[in-house]
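For reference, positions follow the sequence shown, starting with 1.
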Amino acid sequence: MILVTGGTGYIGSHTVVSMIEQGYEPLIVDNFVNSKPEVLDRIEMITGKRPLFYEADIRDEEKMEQIFTEHEIEAVIHFAGLKAVGESVSIPLEYYDNNINGTLVLLETMKRHNVKKIIFSSSATVYDRFNTMPLTEESKTGNCTNPYGWTKFMIEEIIMDICNADSSWCGVLLRYFNPIGAHESGLLGEDPQGIPNNLMPYICRVAEGRLEKLSVYGDDYPTHDGTGVRDYIHVVDLAEGHIKAIDLVFRSNGAIPVNLGTGTGYSVMDVLNTFMEVNGIDVPYVIAGRRAGDIAECYADPSRAEELLGWKAEFDLKKMCRDSWNFIAKNIKQS
């Protein structure tokens, strides 16, 4: 059995679906801070199986102890955490408490129960913004631009230190780039609370009429069209990367950072134009000034993922845009 913290969230829920479909037995722990209970129903609709579930905060030491006592957990996939960059700047203490303290409680419970395999949901935000592209796992980390990024960086450091102290531990540190898209059924996807911080949810909100227009922050970057370039990856590809990481974590030791991206950078206008083209929807936008802390380009060298995991992203930008809108279109009346 594999414990999945934050398993009803955007990436977590897609990963749980892939796990069930490939014969794994996930046990979800989530407190629904940024997800909804109906996700469990939808996972069951897609897979025909309802995953075991505990509604709990991973900072709750007694609850975590109960979960590890009642179940034979072999490994952990750790998604649970607050994840909005802008919000982390406004409420840093909440981010440090939730993300780092929560991880410490989880790791301490794992240690007591001799569970020494963890796959951590990390982020490209751990990389120094002044690196040259593409980013490899050897690129410099640190010098993060926001508290969210620092929490990911610090948790990586903690896991590395544990693995250095005890060679029987293994931590696979999956550094995500920019997940978008949704399950092709339209039952699972991204619908963040409040005004979205990321590009695709923002485009979708404008497309469905909940927001008036998209703000494109900066059109004077040194890129092919002046707008910022990022490595967008389909969430189902990302979920598949976790399945491959399960195999790696059971046959390895030590801390292993791995980039999960496509290796291709798309600009804001590339994404917007593709979205409008494949979905036949006009999305009004305005050019705004650059945001503080934004960089011109950020994309991965994903070759280590192919080498170690036997994993490579399959889906293109058109599918990412099509699936993103399909989820919103099928759920507008319920939102």
Side-chain angles (χ1 to χ4, degrees), residues 5-6 9-12 33-35 58-59 78-104 120-137 139-160 173-180 190 192-203 205 214-218 220-221 223 227-233 235 238 257-261 265-268 271 288-300:
T5 71
Y10 174 46
I11 302 167
V33 161
N34 199 30
S35 61
I58 61 168
R59 291 172 293 182
H78 180 30
F79 293 104
L82 300 174
K83 63 171 189 173
V85 169
E87 183 183 65
S88 77
V89 176
S90 303
I91 52 169
L93 282 178
E94 284 86 340
Y95 270 69
Y96 288 116
D97 175 48
N98 187 89
N99 294 7
I100 296 177
N101 190 25
T103 302
L104 288 173
F120 174 53
S121 165
S122 192
S123 165
T125 56
V126 302
Y127 288 114
D128 187 308
R129 58 180 297 202
F130 297 111
N131 281 306
T132 55
M133 298 298 140
L135 293 165
T136 72
E137 290 80 1
S139 296
K140 185 179 178 184
T141 58
N143 192 29
C144 303
T145 58
N146 55 77
Y148 164 74
W150 278 117
T151 66
K152 294 293 187 185
F153 174 84
M154 292 175 188
I155 292 167
E156 280 200 5
E157 293 292 311
I158 291 165
I159 293 172
M160 288 178 190
L173 314 173
L174 297 180
R175 294 171 178 167
Y176 309 162
F177 280 68
N178 293 69
I180 58 176
E190 186 174 23
Q193 298 173 6
I195 295 176
N197 189 62
N198 296 324
L199 177 61
M200 184 57 75
Y202 209 119
I203 290 174
R205 290 280 172 88
L214 172 73
S215 293
V216 176
Y217 296 106
D220 56 351
Y221 286 105
T223 61
T227 63
V229 167
R230 299 292 182 268
D231 190 334
Y232 295 94
I233 177 173
V235 67
L238 194 59
V258 182
N259 287 338
L260 290 185
Y266 295 105
S267 73
V268 172
V271 176
R290 294 186 185 187
R291 287 185 303 191
D294 275 355
I295 57 177
E297 295 183 296
C298 181
Y299 57 94

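Within the model, atoms CD1 of I203 and CG of L214 stand 5.5 Å from one another, a figure rounded to the nearest 0.5 Å. A distance of 12.5 Å separates CD1 of I58 from CZ of F79, quoted to the nearest 0.5 Å. Within the model, atoms CG of L260 and OG of S122 stand 10.5 Å from one another, a figure rounded to the nearest 0.5 Å. Rounding to the nearest 0.5 Å places CE of M133 at 7.5 Å from OG of S139. The CD1 atom of I100 sits 6.0 Å away from atom CD1 of I158, with the distance rounded to the nearest 0.5 Å. Taken from CD1 in I155 to CG in N99, the straight-line distance is 5.5 Å, to the nearest 0.5 Å.
When all heavy atoms of G102 and R59 are compared, the closest pair comes out as CA-CG, 3.5 Å. In terms of heavy-atom proximity, T227 sits nearest to S267 at OG1-CB, 3.2 Å. In terms of heavy-atom proximity, P196 sits nearest to P201 at CB-CB, 3.6 Å. Considering all non-hydrogen atoms of both residues, D128 and N131 come closest at O-ND2, 2.9 Å.
Remark: R175 pairs with Y127, E156 by the side chain to side chain donor-acceptor pair (under 3.5 Å) rule, at least two apart or across chains.
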Kindly indicate, with the supporting measurements, whether the criterion side chain to side chain contact (heavy atoms under 4.5 Å, CB included) is fulfilled by F130 and K140.
CA-CA 9 Å; F130 297 111; K140 185 179 178 184; over 6 Å; no
Could you please spell out the steps behind the side-chain hydrogen bond (donor to acceptor under 3.5 Å, both in side chains) verdict for Y176 and S121?
CA-CA 7 Å; Y176 309 162; S121 165; 3.1 Å; yes
Checking side chain to side chain contact (heavy atoms under 4.5 Å, CB included) for the pair V271/L199: CA distance, chi angles, key distance, verdict?
CA-CA 9 Å; V271 176; L199 177 61; 3.9 Å; yes
Verdict with supporting geometry, I159 and L173, side chain to side chain contact (heavy atoms under 4.5 Å, CB included):
CA-CA 9 Å; I159 293 172; L173 314 173; 3.9 Å; yes
From CA spacing to verdict: side chain to side chain contact (heavy atoms under 4.5 Å, CB included), C298, V229
CA-CA 6 Å; C298 181; V229 167; over 6 Å; no
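Between the side chain of S215 and the backbone N or O of Y217 there is no donor-acceptor pair closer than 3.5 Å. Panel note: side chain N178, backbone R230; no donor-acceptor pair is recorded below 3.5 Å. Checked by atom type and distance alone, the side chain of N198 never pairs as donor or acceptor with a backbone atom of M200 at under 3.5 Å.
With contacts defined as side-chain heavy-atom distances shorter than 4.5 Å, the pair K152/C144 does not qualify. Looking at heavy atoms from C-beta onward, F120 lies out of side-chain contact with L174 at the 4.5 angstrom threshold. Counting only heavy atoms from C-beta outward, the side chains of V235 and Y10 approach each other to under 4.5 Å. For the pair N259/F177, a side-chain contact is recorded, criterion being any heavy-atom separation below 4.5 Å from C-beta on.
A cation-pi arrangement is found for R290 relative to Y221, the charged atom lying closer than 6.0 Å to the ring centre and inside a 45° cone about the ring normal.
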Name each donor-acceptor pair under 3.5 Å that joins a side chain in residues 80-92 to protein atoms two or more places apart or in another chain, with its distance.
from, atom 1, to, atom 2, distance (Å)
E87, OE1, Y95, OH, 2.6
S88, OG, V85, O, 2.6
S88, OG, Y148, N, 3.1

